[in-house]
Number of protein chains: 2
Amino acid sequence: MPVQPVAIPEYLRADRHLVAVDCIIFGYQDEDLQVLLFPREIQPEAGKWSLVGGFVREKESLDLAARRVLDSITGLTSIRMYQVGAYSDPGRDSGARVISVAFAALVPVDRYDRELVREHGARWWPVSHLPSLIFDHRQMTEDALGFLQKLADSELAGRDLLPDRFTLVQIRKLHEAIFRRPLDPGNFRKKVLGMNVLEKTQVKTTAGSKKGAFFYQFRKGK
Amino acid sequence: MPVQPVAIPEYLRADRHLVAVDCIIFGYQDEDLQVLLFPREIQPEAGKWSLVGGFVREKESLDLAARRVLDSITGLTSIRMYQVGAYSDPGRDSGARVISVAFAALVPVDRYDRELVREHGARWWPVSHLPSLIFDHRQMTEDALGFLQKLADSELAGRDLLPDRFTLVQIRKLHEAIFRRPLDPGNFRKKVLGMNVLEKTQVKTTAGSKKGAFFYQFRKGK
DNA sequence: CCAAAAGTGTTCATCCTACACCCATGC
DNA sequence: GCATGGGTGTAGGATGAACACTTTTGG
C-alpha cells in the first residue's frame with residue numbers, strides 16, 4: 001500500500017477509506033436497453049452478478065478511474081461518463097467499508113471488444129429483467145436509469161451509443177427503450193429536430209422500410 | 001489511524017484515501033441568499049475563506065458526516081441535506097490527495113447557534129458577492145446553487161429554512177434570491193398553491209403591508 | 001394496387017408569462 | 001382618498017399529446 005507524503009497533522013489523523021467506482025454500462029440491442037453485468041471475481045459474493053467496478057488509485061480522479069474500468073472491460077475509450085452519485089453506507093459492501101461512486105455510460109454494442117468481455121464472463125441483461133445484484137448495485141442501476149432519462153429529455157442521449165449515422169426511427173427506438181414506453185413517431189421527430197443537434201445527410205437506407213429513411217448525424221459543434 | 005480488519009487480498013492491496021465532505025450552507029437574509037463561510041483553520045491555506053468540511057470517519061456514511069459537520073457548526077439537526085457531487089481531482093487539495101463530496105443545506109438564519117458560529121469566525125456571504133475561496137469550493141458552491149434551482153423548480157425549496165409559518169411573499173422573495181431574478185407575484189402564487197404542498201392558516205400578519213397577508217405552512221404529509 | 005414504414009400537418013389541452021385589475025387598510 | 005402591497009382574472013405564446021393524413025416503394 002503506497003503511502004502518500006502528508007506532513008499536516010489534521011490530514012494524518014483522519015481515517016482513510018477504500019474508494020471504488022462502479023460503472024453502469026448501458027447498451028442497446030434487440031430494441032431494448034441493456035446493462036453489462038459480471039460474475040463477481042473476488043470474495044465475498046464471488047460469482048454473483050455485479051456491476052463492473054474497481055478501486056480508485058492513489059493519484060487518479062474518479063472520472064479517470066471510471067474510464068479505466070470501462071476501457072479495461074470493453075476496450076472503449078472516449079465514451080462520455082456521467083457521475084450518478086456516491087454510495088457510502090458503512091455496511092453496503094460486506095467485504096469491507098468501501099465508498100463507491102457510480103458512473104453511467106452508453107456504449108455502442110457493435111464496437112466494444114467482445115473478446116475482453118467474454119474473458120470476464122460478462123453478459124448483457126435487459127434493464128427490465130435484471131438478475132439479483134450484489135450490494136446496492138440494483139439501486140445504483142435504477143438511479144443511473146433515472147439520470148439517463150433526465151439526460152435524454154434535456155439533450156438527447158445516445159451520441160456515444162449509436163452508429164455515426166442513424167435514422168430517426170433508430171434514435172426513437174433507443175429513447176423508447178430508455179423511457180420504457182412508446183413515443184409518438186411524429187412528435188418525437190419534431191422535438192428532436194427542434195433541438196437542433198442533428199443534421200440530415202443525403203444518404204437513405206431501405207433497411208427498415210420500402211420507402212427508405214434518411215440517415216442523420218450529430219452536429220460537430222456540440 | 002485505526003485499521004479496519006480486512007481479510008480479502010483484493011481489498012487489502014487497494015489504495016486508501018482521505019475522504020471529506022464539504023457543506024454549502026445556504027441561509028436567507030436581507031432578501032438575499034447567503035452562504036456560510038469559514039476562515040480555514042488548518043494548513044495549507046489557513047485563514048482563507050472556505051466551506052465547512054470534515055473528514056469522513058471509519059464507520060460513517062457520507063450523509064452522516066455531512067450532518068455531523070452541519071451540527072457541529074450550527075447546532076442544527078434534522079435539516080435536509082442534498083448530495084451535490086463528488087470532487088476528486090488529485091490536485092484539488094494542496095495539502096494532500098482528498099476526495100470530497102459536496103452537500104447542500106438550507107438553514108434558518110434565525111435559529112442556528114450563533115455562539116458556535118462566532119467561535120469559528122464564520123461569516124455569511126451573499127452568493128452574488130463571494131470572496132475568493134480555497135481549492136474548488138467556488139465550483140462546489142456554483143454547482144450547489146444549480147442543484148438548488150432544480151430543486152426549487154420541482155418541489156419548492158425552503159422548508160427547513162423558513163419559519164414554521166410564512167407568507168407567500170416571503171417564500172417568493174426566497175425563490176427570487178435562489179433564481180437571482182424577480183418572479184411575477186401572481187404567477188408564483190398560482191404555481192406554488194397548485195403544487196398542493198402548502199396550507200393556509202387563518203392568521204394574518206400586517207408586517208409587510210397594511211392590508212395584511214395570510215400565513216401559510218407546509219403540509220404535514222410530505 | 002396495397003401494405004407498411006417514413007414523414008407532415010392539425011387540433012386540443014396545458015402550462016407559463018405578462019399584465020391589468022380589484023381589495024383592504026393606515027395614514 | 002390615495003398610496004401600497006396583497007390577491008385575482010385573463011389574454012397570448014410555447015409546448016406537448018393524440019391522431020389524421022400524405023408519400024414512397026417492394027411485392
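Just so we're on the same page: letters track the sequence lines, and every chain starts at 1.
Taking atom CG on A/Leu183 and atom P on D/dG16, their separation rounds to 12 Å, with Å as the unit. Whole-Å rounding puts the B/Leu193 CG to D/dG9 P distance at 12 Å. When rounded to the nearest whole Å, the span between CG of A/Asp184 and C1' of D/dC21 equals 13 Å. Between A/Phe166 atom CZ and C/dA6 atom C1' there is a gap of 16 Å when expressed in whole angstrom units. Rounded to whole angstrom, the span from the NZ atom of B/Lys200 across to the C1' atom of D/dT8 amounts to 11 Å. B/Leu198 places its CG atom 16 Å from the C1' atom of D/dG7, with the value rounded to the nearest Å. A straight line from CZ of A/Phe188 to C1' of D/dT15 spans 16 Å, rounded to a whole angstrom. The NZ-P distance, from A/Lys204 to C/dA5, rounds to 16 Å in whole Å.
The residues A/Lys191 and A/Asp153 are annotated as salt-bridged, a charged nitrogen and a carboxylate oxygen being separated by less than 4.0 angstrom. Using a 4.0 Å cut-off between a side-chain N of Lys or Arg and a carboxylate O of Asp or Glu, B/Glu60 and B/Arg68 qualify as a salt bridge.
In this structure, B/Tyr82 has its ring center under 6.0 Å from that of B/Phe147. Taking the ring centroids of A/Tyr112 and A/Trp124, they lie under the 6.0 Å cut-off.
Across all strands, B/Gly186 comes closer than 4.0 Å to base atoms (heavy-atom distances). B/Lys191 comes within contact range of no nucleotide atom at all, as no heavy-atom separation falls under 4.0 Å.
Nearest to the side-chain atoms of B/Ser209 among the listed nucleotides D/dG5, C/dA18, D/dC19 stands D/dG5. Residue B/Lys211 has its side chain nearest to C/dA24 when only C/dC19, C/dG7, C/dA24 are considered. Picking from C/dA6, C/dA18, D/dA18 the nucleotide with the shortest atom distance to the side chain of B/Asn187 gives C/dA18.
Here A/Arg189 does not reach the OP1 or OP2 of C/dA6: none of its side-chain N or O atoms lies under 4.0 Å away.
Between the side chain of A/Lys190 and the base of C/dG9 there is at least one donor-acceptor pair of N/O atoms closer than 3.5 Å. No donor-acceptor contact under 3.5 Å links the side chain of B/Lys210 to the base of D/dT4.
With rounding to the nearest 0.5 Å, the separation of NE2 in B/His137 from OG in B/Ser50 is 4.5 Å.
Position along DNA chain D of the nearest nucleotide to A/Thr206 versus A/Arg181 favours A/Arg181 as the more 5'-ward residue.
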